[in-house]
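A note on names: the letters A, B, ... follow the listed sequences, proteins ahead of strands, and every chain is numbered from 1.
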Protein chains: 2
Amino acid sequence: MPRTADHDARRRQVAEAVAQLVATDGFDAVTVARTAAAAGISVGLVQHYFPSKDEMLLHAFTLARERIERRVHDEVERADRAGARIEHILRDALAELLPLDARRRRECRVELAFTGRAIDNPRLAEALGRSNAHVRAQLAQAVHNGKECGEVEPAVDGNAAAQRLLALVDGLRLHAYTEPDTVTADAARDALADQLARVFTGRCHHRKSTRGGR
Amino acid sequence: MPRTADHDARRRQVAEAVAQLVATDGFDAVTVARTAAAAGISVGLVQHYFPSKDEMLLHAFTLARERIERRVHDEVERADRAGARIEHILRDALAELLPLDARRRRECRVELAFTGRAIDNPRLAEALGRSNAHVRAQLAQAVHNGKECGEVEPAVDGNAAAQRLLALVDGLRLHAYTEPDTVTADAARDALADQLARVFTGRCHHRKSTRGGR
DNA sequence: CCCATAACCGTATGGCTGTATGGCAAACAT
DNA sequence: ATGTTTGCCATACAGCCATACGGTTATGGG
């Protein structure tokens, strides 16, 4: 076998160029030519790694979601080891998704732009749905753990609570991004904390790991 | 003055063609040429009524929002005259925004597609913000009225409640549209009703009109 | 009647798009 | 060393886009 290259690294490089373009110039500014230029490679090489523009966008979106999921997951693990209340762990982890500073605002824009295209693009919609299902499962697991340690009333429907929590977070993200003056990031954070307080009404009476949960 | 035409009617005609295209073929399918064809007029005439494609899209979005706002407003008025609880009036009015049937699903798609573009398009973002502010004001007014008639605890922050309610509705709309199997429209409706029940905890002890409120 | 003016149409155009293609350079197996 | 496979590039191309423009038609005021 001749000349080898790091396939994954190249694809990641292109995906980051896409995210960069979306963040700075908007989704419509993402063309194959501009992406190649932003990544510092030729158009031909982009084609070499992605059979079509659609595949390129899908990969960029998938990586963006994975990165966020990973960061949230890490945040949960860290707080869990520190012995925090599940409610507070979730609060901090979900707040990570809000446009609280420049970095997260940028991520929000990328995320929201892709979500907007998912309305018309079945491939993106599927990836979004998969990722959301994953997040909901983590949330439901955390609520379940909350029941076991006494933070949550046993009668609470974990799946329904997870669904509503995620919907609220996504709505807050949208509003906090598009209307920063009307819906401040802090207000969104408060709304999130308030909603969590309505689910986690009890006190933890025996420490239980939130392993696998958010 | 020579030959006259109904300016507003023409612009409405074009706006409806835009909505039609977004609903059936997606936002990217909206080109000036296709819009003209869908409206049954020439490209030149579209240009005659809109100086640019951006203006055309902005007008289409504005009309779509106004139409929805009006229908919700009418629903509120109707229920109000029928003497319903404010909580139930809001429930029905906001449920109007969910993709509960084919017609509302279509509207949802148009709305979500435009919202997605608002991320990158300041003009659309401004129109969206204005409309959202309007809706929030109506919601806050309804909560205020709820306090006066005893349905809502006096300590409740009406503005915050309105913000959170709208965020939840928008999040539910997105999820119910993109993941109909995971988040059914009925589940979204239940989530909405549940959230309203957390705000409207009391009983109405003296009938009060929700005039101006949602 | 008639003409000025607005409504309306058809087409031209320059630019940008995604993708196809052919060729050059590099490095591993032999 | 050398051939062959892969990495990588530059360019060509056909299609579609928004917009510009000139011409035609119809109608209200004089």
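For A:Arg78, the side-chain hydrogen bond (donor to acceptor under 3.5 Å, both in side chains) test picks out A:Glu75, with sequence neighbours left out. Partners of A:Ala5 according to the side-chain contact (heavy atoms from CB on, under 4.5 Å) rule, which considers only residues two or more places apart in sequence or in another chain, are A:Tyr49. Listed by chain and number, the residues in a side-chain hydrogen bond (donor to acceptor under 3.5 Å, both in side chains) with A:Glu179 are B:Asn132, B:Arg136 (sequence neighbours excluded). A:Asp101 is linked by a side-chain hydrogen bond (donor to acceptor under 3.5 Å, both in side chains) to A:Arg104, counting only residues two or more places apart in sequence or in another chain. For A:Asp92, there are no side-chain hydrogen bond (donor to acceptor under 3.5 Å, both in side chains) partners, not counting sequence neighbours. Applying the salt bridge (Lys or Arg N to Asp or Glu O under 4.0 Å) criterion to B:Glu66, with sequence neighbours excluded, gives no partner residue.
With C:dT17, D:dG7, D:dT19 as the choices, the nucleotide that has an atom nearest any side-chain atom of A:Ala5 turns out to be D:dG7.
Rounded to whole Å, atom P of C:dG18 lies 4 Å from atom NZ of A:Lys53. When rounded to the nearest whole Å, the span between CD1 of A:Ile41 and P of D:dG7 equals 13 Å. Look at CG on A:Leu57: it is 12 Å from C1' on C:dG18, rounded to the nearest Å. If you take NE2 of B:His7 and P of C:dA7, they are 7 Å apart, rounded to a whole angstrom.
In this model, no side-chain donor or acceptor of B:Arg3 finds a partner on the base of D:dA26 within 3.5 Å.
Contacts between residues 9-40 of chain A and DNA chain D, defined by a heavy-atom separation under 4.0 Å, are made by A:Arg10. The stretch residues 44-52 of chain A touches DNA chain C through A:Gln47, A:Ser52, each having a heavy atom under 4.0 angstrom from the strand.
Residue pairs meeting the ring pair (Phe, Tyr, Trp, His ring centres under 6.0 Å) criterion with at least one member in residues 76-124 of chain A, sequence neighbours excluded, are A:Phe27-A:Phe114, A:Phe61-A:Phe114.
Between B:Arg198 and B:Asp194, at least one side-chain N (NZ, or NE/NH1/NH2) sits under 4.0 Å from a carboxylate O, which counts as a salt bridge.
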